[in-house]
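Read through the structure below, which is laid out as structure tokens, and then see the notes.
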Amino acid sequence: MTTVAVKPATMAQALTRALRDAMAADPSVHVMGEDVGTLGGVFRVTDGLAKEFGEDRCTDTPLAEAGILGTAVGMAMYGLRPVVEMQFDAFAYPAFEQLISHVARMRNRTRGRMPLPITIRVPYGGGIGGVEHHSDSSEAYYMATPGLHVVTPATVADAYGLLRASIASDDPVVFLEPKRLYWSKDSWNPEDPQTVEPIGRAVVRRSGRSATLITYGPSVPVCLEAAEAAREEGWDLEVVDLRSLVPFDDDTVTASVRRTGRAVVVHESGGFGGPGGEIAARITERCFHHLEAPVLRVAGFDIPYPPPMVERHHLPGVDRILDAVGRLQWEAES
Amino acid sequence: MTVMEQRGAYRPSPPPAWQPRMDPAPLLPDAEPYRVLGTEAAAKADPDLLRRLYAELVRGRRYNVQATALTKQGRLAVYPSSTGQEACEVAAALALQERDWLFPSYRDTLAAVARGVDPVEALTLLRGDWHTGYDPHEHRVAPLCTPLATQLPHAVGLAHAARLKGDDVVALALVGDGGTSEGDFHEALNFAAVWQAPVVFLVQNNGFAISVPLAKQTAAPSLAHKAVGYGMPGRLVDGNDAAAVHEVLADAVRQARAGGGPTLIEAITYRIDAHTNADDATRYRGDSEVETWRGHDPIALLEHELTERGLLDDAGKQAARDAAEAMAADLRERMNQDPALDPMDLFDHVYAEPTPQLREQRAQLQAELHAESEGSHR
């Protein structure tokens, strides 16, 4: 048995590798979008694919998101597996009609005769100093649309595994890439990169007894940091990384909250009408008698995404999470 | 000394030479819509094709009449009639080979039927049964599309994919005059032209987008003129002249198949009936206009041509009417049977595998149905 060196790699590198491996394994996989070819994408996630697989399989499209996704629908109808890139979160909005009226429901409206295996990669979220329209967290819109899977990795290994799983899925997947984690590094074994749970399974990133932080994507490292900091205050926090928002892993979340009796949901997108409300409601429905305190949410404010110079005040950080954890001492207040 | 010289060393150079990437003239549509019937070109038309077009037109008209009647009987939720536009529908379907694909809008049931889709299955959407009654792959007809123009990029993508796979498949996408104002129309045409995808876009300009006339829809000289801006040819054709529509479409399909790229065709026609049975067309147009167009009826035009040339006698006309009547009788009978829908099917095709959440909801509905059947439902 040979020992393979486990080297640090960035999330962006793992995503590139996932695309490359998927394209090599299946000739029907086609990558398309604005700037994905010669440039390799503005985040370089598609770097080298056009050179290796040709411009027919890694295609620079005209600058038109509805057109990119709309043509991908037709390509999927003819048996291809398009992987489309929406350059930034807010740039995907012109494609929403195609997404909601066709991509999400083609399987349903044709009674299973015309599934659309399309992966829609959307770099999302803030924290990179992007100007207006470059930092939205749009997951709630996608979650509210039946027929779509919605996944978001927080680690290098998951970035690879979940993207491979998304491309292999016979259903459309909105693959949300946390921009500010593109350059985060993990020890990752590129020789055995496929060790990953299937879409729809959450993972406990850190075990703890006193409360559960439920989070995903860019907020996972923040929650892990908060959990470390909370030790000093006597809190032993569990951190659950959802990985998949649709389907939602009620089992893992419920089991954790029943163990700890307290829960805080953490995400960047706004709280009102946001994913946290849905998650908190699901926890309350399933864990009411186990709860020692109301389920709290730490979310972005209910404002249009702010400019970079003040975004740190908007994004949920360690202190705001710890404040919420402090408020979980419900019995002390009553 | 000029002002520029006073300022010193800066000497502006002339801008880089610019010339248009191609001469737009060959892409422009003719000034007049192309016509065959009643012109010298008619003599060259294939008699068998004309007779086939005629039979399909008669059947299509009967289908429109029957489906409209079914809305009055409550058997269809809605029916957008294509009476007056049958030549476009039929010619569109007959211009394609079996391996080609049709991308219809909600008004294009006739094109789907002419392509072989079962007349009842073509009405599934409008009946309120499951949204698409037929298998899109069987006759290569995409689901009837309700949002405007969103099916056009699908046609481009499919045609592009077929070409990448080495198949000489052409996609034909149908859209109305109103649909040309949508963003997806623009994006589809642009992608098609850039990719030189084997697609034909047929705009059935029937004069109105529900109530809004063309003059309030576009300021372009014609809808076919829009093609030039994308770098593809635009063609203008009399949409009530089945022979002309077929010829123009067949040309465009042939060109697309041979690698010549997309074409935008505008067929000038008229919607004789209201937008749907729910619309009151008297609010936005006068009787005289409708009467003028009734005088330019696609069936009468073709019938006249065929009769003049001795290609159709009374027996032939009767045979076409009999076939249409048989189709209508069959349609009536089958549409008058109540479809049996299983509510449990609600959860079957949302995902390849239902999510845990859908499994729970499925169990809930099952319990509700059980309670209902036991008579214990509140």
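In what follows, chains are A, B, ... by sequence order, proteins preceding strands, each numbered from 1. As the structure is a prediction and not an experimental result, all values here were calculated from the model.
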Is it the backbone or the side chain of [X] that comes under 4.5 Å from a heavy atom of chain B, or both, or neither?
X         : answer
His149(A) : both
Ser101(A) : side chain
Asp171(A) : side chain
Ala72(A)  : neither
Thr59(A)  : side chain
Leu69(A)  : neither
Arg282(A) : side chain
Pro62(A)  : both

Atom pair [atom1] ([X]) and [atom2] ([Y]), whose distance is rounded to the nearest 0.5 Å:
X         : Y         : atom1 : atom2 : value
Thr355(B) : Asp250(A) : OG1   : CG    : 9.5 Å
Thr132(B) : Arg113(A) : OG1   : CZ    : 8.5 Å
Leu144(B) : Arg109(A) : CG    : CZ    : 8.5 Å
Met77(A)  : Trp101(B) : CE    : CH2   : 6.5 Å

Looking at every non-hydrogen atom in both residues, tell me the closest pair between Thr150(B) and Gln98(A) and how far apart they are.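 Looks like O-NE2, 3.0 Å.
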Could you report the tightest heavy-atom contact between Met114(A) and Pro143(B), atom names first, then the distance?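 The pair with the smallest heavy-atom distance is SD-CD, 4.3 Å.
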Is it true that, when you exclude [X] itself, more than 12 heavy atoms of the residues, nucleotides or ligands shown sit nearer than 6.0 Å to its [atom1]?
X         : atom1 : value
Arg20(A)  : CZ    : no
Gln337(B) : CD    : yes
Tyr78(A)  : OH    : yes
Glu55(A)  : CD    : no

Identify whether the distance between the nearest side-chain nitrogen and carboxylate oxygen of Glu353(B) and Arg107(A) falls below 4.0 Å. no
Asp170(A)/Tyr351(B) under side-chain contact (heavy atoms from CB on, under 4.5 Å): CA gap, chis, key distance, verdict: CA-CA 8 Å; Asp170(A) 286 333; Tyr351(B) 298 96; over 6 Å; no
For chain B, the option from [options] that forms the most heavy-atom pairs under 4.5 Å:
options                                  : answer
Gly70(A), Pro27(A), Pro146(A), Gly112(A) : Gly70(A)
Pro94(A), Pro247(A), Gly74(A), Ser28(A)  : Gly74(A)
Arg111(A), Met75(A), Met106(A)           : Arg111(A)
Asp249(A), Val246(A), Thr110(A)          : Thr110(A)
Met32(A), Arg286(A), Arg57(A)            : Arg286(A)

With only heavy atoms counted, which part of [X] is less than 4.5 Å from chain A, the side chain, the backbone, both or neither?
X         : answer
Asp135(B) : both
Tyr134(B) : backbone
Glu360(B) : side chain

Could you check whether any side-chain heavy atom of His131(B) comes within less than 4.5 Å of a side-chain heavy atom of Asn108(A), counting everything from C-beta outward?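 With C-beta onward as the side chain, the pair touches.
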Would you mind reporting whether Cys145(B) and His102(A) have side-chain heavy atoms less than 4.5 Å apart? yes
Quick one: does Arg105(A)'s side chain have a donor or acceptor within less than 3.5 Å of a partner on Val350(B)'s backbone?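 Side chain of Arg105(A) to backbone of Val350(B), a donor-acceptor pair under 3.5 Å: no, none is there.
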Phe248(A) backbone acceptor or donor facing Gln357(B) side chain under 3.5 Å: yes
Of all the residues in residues 151-173 of chain B, which have a heavy atom that comes within less than 4.5 Å of a heavy atom in chain A?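 So far as heavy atoms go, Pro153(B), His154(B), Val156(B), Gly157(B), Leu158(B), His160(B), Ala161(B), Ala162(B), Leu164(B), Lys165(B), Asp167(B), Val169(B) are the residues that approach chain A to under 4.5 Å.
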